[in-house]
Protein chains: 2
Amino acid sequence: MSSGLTERRQTILKLVIQEFVETAQPVASETLVRKYRLNVSPATVRNELAALEELGYLMHLHTSAGRVPTDIGYRFFVENLMDRTTLSLPEQRMIRHQFYQVRGELDQWIQLAGSVLARTAQNASVVTPLRSADRLRFRQVELVAIHDTMALAVLVFHGGVVKQQTLALDAVRSPDDLRRCAARISSVLADLELSDVEDLLTRDQQQEGSEFGDFERQVLDLVARAMDAFEAQAQEQIYSDGLIEMLSQPEFIPALAREDAERAVERMRRALDILKSGRGLGSLIPQALASDGVQVIIGGENSADEMREYSVILARYGVERAVTGVLGVIGPTRMAYPRSISSVRYISSLMSDLLAELYQADQRSPES
Amino acid sequence: MSSGLTERRQTILKLVIQEFVETAQPVASETLVRKYRLNVSPATVRNELAALEELGYLMHLHTSAGRVPTDIGYRFFVENLMDRTTLSLPEQRMIRHQFYQVRGELDQWIQLAGSVLARTAQNASVVTPLRSADRLRFRQVELVAIHDTMALAVLVFHGGVVKQQTLALDAVRSPDDLRRCAARISSVLADLELSDVEDLLTRDQQQEGSEFGDFERQVLDLVARAMDAFEAQAQEQIYSDGLIEMLSQPEFIPALAREDAERAVERMRRALDILKSGRGLGSLIPQALASDGVQVIIGGENSADEMREYSVILARYGVERAVTGVLGVIGPTRMAYPRSISSVRYISSLMSDLLAELYQADQRSPES
DNA sequence: CTTTAGCACTCTCGAAAAGAGAGTGCCAGA
DNA sequence: TCTGGCACTCTCTTTTCGAGAGTGCTAAAG
């Protein structure tokens, strides 16, 4: 009966997916014929649908319900059937403008990207902060007086990664004091990794007379602690947004989902959990960091069981070999893939471009 | 029939509230007698319940359902009936320890406070960042080189408020260049408010020959823009956590709430909205900033209609007359008030104490 | 060999009905 | 003032039933 994926079957598959993505209702043969003016009868379409089902691209919830795409169906759609669109120019312009307005505030880029992704894809979004491609390497520290007894330590690492940390002073220090101390430590620690810094600290401790003053010691400890904390949390930080957008999808609205309301609530709760804890995304993000282009993970294809009903679209952003992060969209497998993918692609490349401008100098003269 | 709030009625009211908070089910007369070993018959309790209802402290969903507290009932409970407890010492110790572990990272305090509040109260939490009590007043700026073409501007304001902003350099600048520029601007802008800075900028622009170099101009603009943005968003930033904890309350679980599932879903969605947008909280927070001690707002007592089903417990934290913020718990009116209040009280005073240590010097010698 | 019309069959969804259970309100008596 | 008893009310659950949607199959037509 099934003689492979003929052209017509592909067309029908495409229509089924488009229809299902739009309406969130199982698709019936007659609907297809009527809505898309196919020049065949519903019965013919039914035969084709049955074949597509046998091939694994569609499925049936019950005997007398319309068809719903399987993960395999979506995969084929994304790979071969989808129209490759881009965001409209006005949309692009608007997004660029928003990024322009927060230029200079890198932290805000992350929030902005998350919010734009969520709005354009009408689903949840995830964004990880920029991270050095390789180990954190110290560059310099500046100490800024905030009070008589409080200073802000600004730690700068290679690749432009910055971390600030408040520091309670044991005694009143003049700005000159602070500057001298910062300069000393900057030169001592320049280009070192965390392990080097720790070595240096233990070595100094073993000598009878320390090479450093009390205050310098304090700052050194702070640096080591900060680097440690930074590396530890490097993998884990995921910013997410668009919960509301995702939860407005029919999957989470019992009346429309035509199913037990409790299941919808349970699903909602699990979705929250995924976004908050990042569970289920954990393995996907390193993978996306290591890949080029836009990654699409459909349903349970690649990850934990709890992600079986969700798709994830990820792309890397940043400056290659310097600092990179990952951003993307997450939502029910019934998702507007073309639009979500365009959105992820556009925003990742926009951010990469903007970052490249900032990092230009570094790329021209890569250090060691 | 109703001869006021007799002692016994108060006892019964207290029991009804405790029972309802625990079980989330309307409380029946017989349950009270059985569970709390009252030495009267259910019929007697029923009479008292009817009286309490007439007095407005309890209500009836339907004729043959148990009683549920009204907002007024909760209010009386909080004001007069509640046992005034504190968190257990092990809990206190644990919380202190967690704050100790992130000492020096003020930003993390906010997250930590949110997460601790959420866990102890089993509800959502809100925390606003520290803000100067009065207008933002400039103190100094430091410029830290991150790259050849990129610097980080660290703006320090009176009261220890810090903001960082990246700055793309038009040309390569030596560290000395940066330092000189920062020093110049720090001295020019010292102690100025936003409006003064803007005045200074327009005045300078009207002169034929500017007093400042190109680069200095650029940094000045940056400062003005940053101060503007900072003040604009000052009121709005609310960090929140504990969504999952709150949504695990029976109110959001249709099966247990014994009601239409769709309503539970709708409620969930609105709860999300409140937490994300801060709508409904907006008026409460300035109010809490201006009050001492722990504020309890029950149901629609004070705020918008959308908060009718929620209670909010808020307290100010920080250093009086210097920097303050607000933190608290939000959840269904059926809430463990004693525990939530203790938790808010403990965490706000803990954070205040820790901050006071840091700001000690400032308090000793308040500036102008 | 492919397409189509017709029709029986299956399954869900919604409404209506009926029964069980919980809890109250009230009355009369202690 | 308290208590036991009892009728009454209301909800919640389950069941039943009919309507409707959509398929799968078969047999005939192109």
Side-chain angles (χ1 to χ4, degrees), chain A residues 1-4 6-9 11-12 15-16 19-20 23-35 37-55 58-68 250 253-264, chain B residues 1-4 6-9 11-12 15-16 19-20 23-35 37-54 58-69 250 253-264:
Chain A
M1 180 201 256
S2 78
S3 56
T6 62
E7 189 115 358
R8 188 170 69 181
R9 286 177 186 167
T11 310
I12 290 179
L15 292 179
V16 170
E19 181 68 13
F20 183 64
T23 64
Q25 303 292 333
V27 182
S29 55
E30 213 207 313
T31 312
L32 286 177
V33 173
R34 191 171 18 83
K35 191 155 175 183
R37 310 214 168 288
L38 301 185
N39 291 322
V40 289
S41 75
T44 310
V45 174
R46 272 205 291 282
N47 286 332
E48 298 293 57
L49 289 177
L52 282 165
E53 181 164 357
E54 203 184 349
L55 291 166
L58 295 178
M59 64 183 197
H60 241 181
L61 296 186
H62 347 273
T63 319
S64 82
R67 256 63 174 218
V68 163
I253 299 177
L256 297 176
R258 287 162 178 265
E259 63 163 11
D260 216 325
E262 299 189 27
R263 207 182 283 171
Chain B
M1 179 199 256
S2 78
S3 55
T6 62
E7 189 115 357
R8 188 169 71 183
R9 286 179 187 164
T11 310
I12 290 179
L15 292 179
V16 170
E19 181 68 15
F20 182 63
T23 64
Q25 303 291 335
V27 182
S29 54
E30 211 207 315
T31 314
L32 286 177
V33 174
R34 191 172 16 85
K35 193 154 174 184
R37 311 212 167 288
L38 302 185
N39 290 322
V40 289
S41 75
T44 309
V45 175
R46 272 205 291 283
N47 286 333
E48 298 293 59
L49 291 177
L52 283 165
E53 181 165 357
E54 203 183 349
L58 295 178
M59 65 185 195
H60 241 180
L61 296 186
H62 355 273
T63 318
S64 84
R67 255 68 175 213
V68 163
I253 299 176
L256 296 177
R258 287 161 177 265
E259 65 165 5
D260 216 325
E262 298 188 29
R263 205 180 285 171

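Small disclaimer: the values here were computed from a predicted structure and weren't measured. By convention in this document, chain letters (A, B, ...) are assigned in the order of the sequence lines, proteins followed by strands, and residues within each chain are numbered from 1.
Screening residues 60-69 of chain B for salt bridge (charged side-chain N to carboxylate O under 4.0 Å, His left out), with sequence neighbours left out, gives B/Glu53-B/Arg67.
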| request: Take A/Leu52 and A/Val16, measure what side-chain contact (heavy atoms from CB on, under 4.5 Å) needs, and give me the verdict at the end. | output: CA-CA 11 Å; A/Leu52 282 165; A/Val16 170; 5.7 Å; no
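Look at CG on B/Leu32: it is 15 Å from C1' on C/dA22, rounded to the nearest Å. For A/Met59 and D/dG22, the CE to P distance is 17 Å, given to the nearest whole Å. Distance, B/Leu61 CG to D/dC12 P: 9 Å, rounded to whole Å. Rounded to whole angstrom, the span from the CG atom of B/Leu58 across to the P atom of C/dG25 amounts to 11 Å. Between A/Leu52 atom CG and D/dG24 atom P there is a gap of 12 Å when expressed in whole angstrom units. Per the geometry, CD belonging to B/Glu30 stands 15 Å off C1' belonging to D/dC6, to the nearest Å. Here D/dG24 presents its C1' atom at 14 Å from CD of A/Glu54, a figure rounded to the nearest Å. Straight-line distance from the CG atom of B/Leu49 to the P atom of C/dG25: 8 Å, rounded to whole Å.
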Tabulate atom names and distances for all N/O pairs under 3.5 angstrom spanning the protein and nucleotides 1-7 of chain C.
residue : atom : partner : partner atom : Å
C/dT3   : OP1  : A/Arg8  : NH1          : 3.1
C/dT3   : OP2  : A/Arg8  : NH2          : 3.0
C/dT4   : OP2  : A/Ser41 : N            : 3.0
C/dT4   : OP2  : A/Ser41 : OG           : 3.4
C/dT4   : OP2  : A/Thr44 : OG1          : 2.3

Hey, what are the protein-to-nucleotides 16-21 of chain C N/O distances that come in under 3.5 Å?
none

Without placing hydrogens or testing angles, list every side-chain donor-acceptor pair under 3.5 Å for residues 26-33 of chain B, not counting sequence neighbours.
residue : atom : partner : partner atom : Å
B/Ser29 : OG   : B/Arg46 : NH1          : 3.2

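When the side chain to side chain contact (heavy atoms under 4.5 Å, CB included) test is applied to A/Ser64, no partner is found at least two apart in sequence or on another chain. The side-chain hydrogen bond (donor to acceptor under 3.5 Å, both in side chains) check on A/Ser41 picks up A/Thr44, with sequence neighbours excluded. Scanning for side-chain hydrogen bond (donor to acceptor under 3.5 Å, both in side chains) contacts around B/Arg8 gives B/Glu48, with sequence neighbours left out.
Contact between the side-chain N/O atoms of A/His60 and the OP1/OP2 oxygens of D/dG24 is found at a separation under 4.0 Å. The phosphate of C/dC11 has OP1 or OP2 within less than 4.0 Å of a side-chain N or O from A/Thr63. Remark: B/His62 is in phosphate contact with D/dT11, judged by side-chain N or O atoms under 4.0 Å from OP1 or OP2. For A/Ser29, a side-chain nitrogen or oxygen approaches OP1 or OP2 of D/dT23 to under 4.0 Å.
Put simply, OG1 on A/Thr11 and CG on A/Leu38 are 9.0 Å apart, with the number rounded to the nearest 0.5 Å.
With the end axes of the helix from C/dC1-D/dG30 to C/dA30-D/dT1 each set by five pairs, the angle from one to the other reads 20° at 10° resolution.
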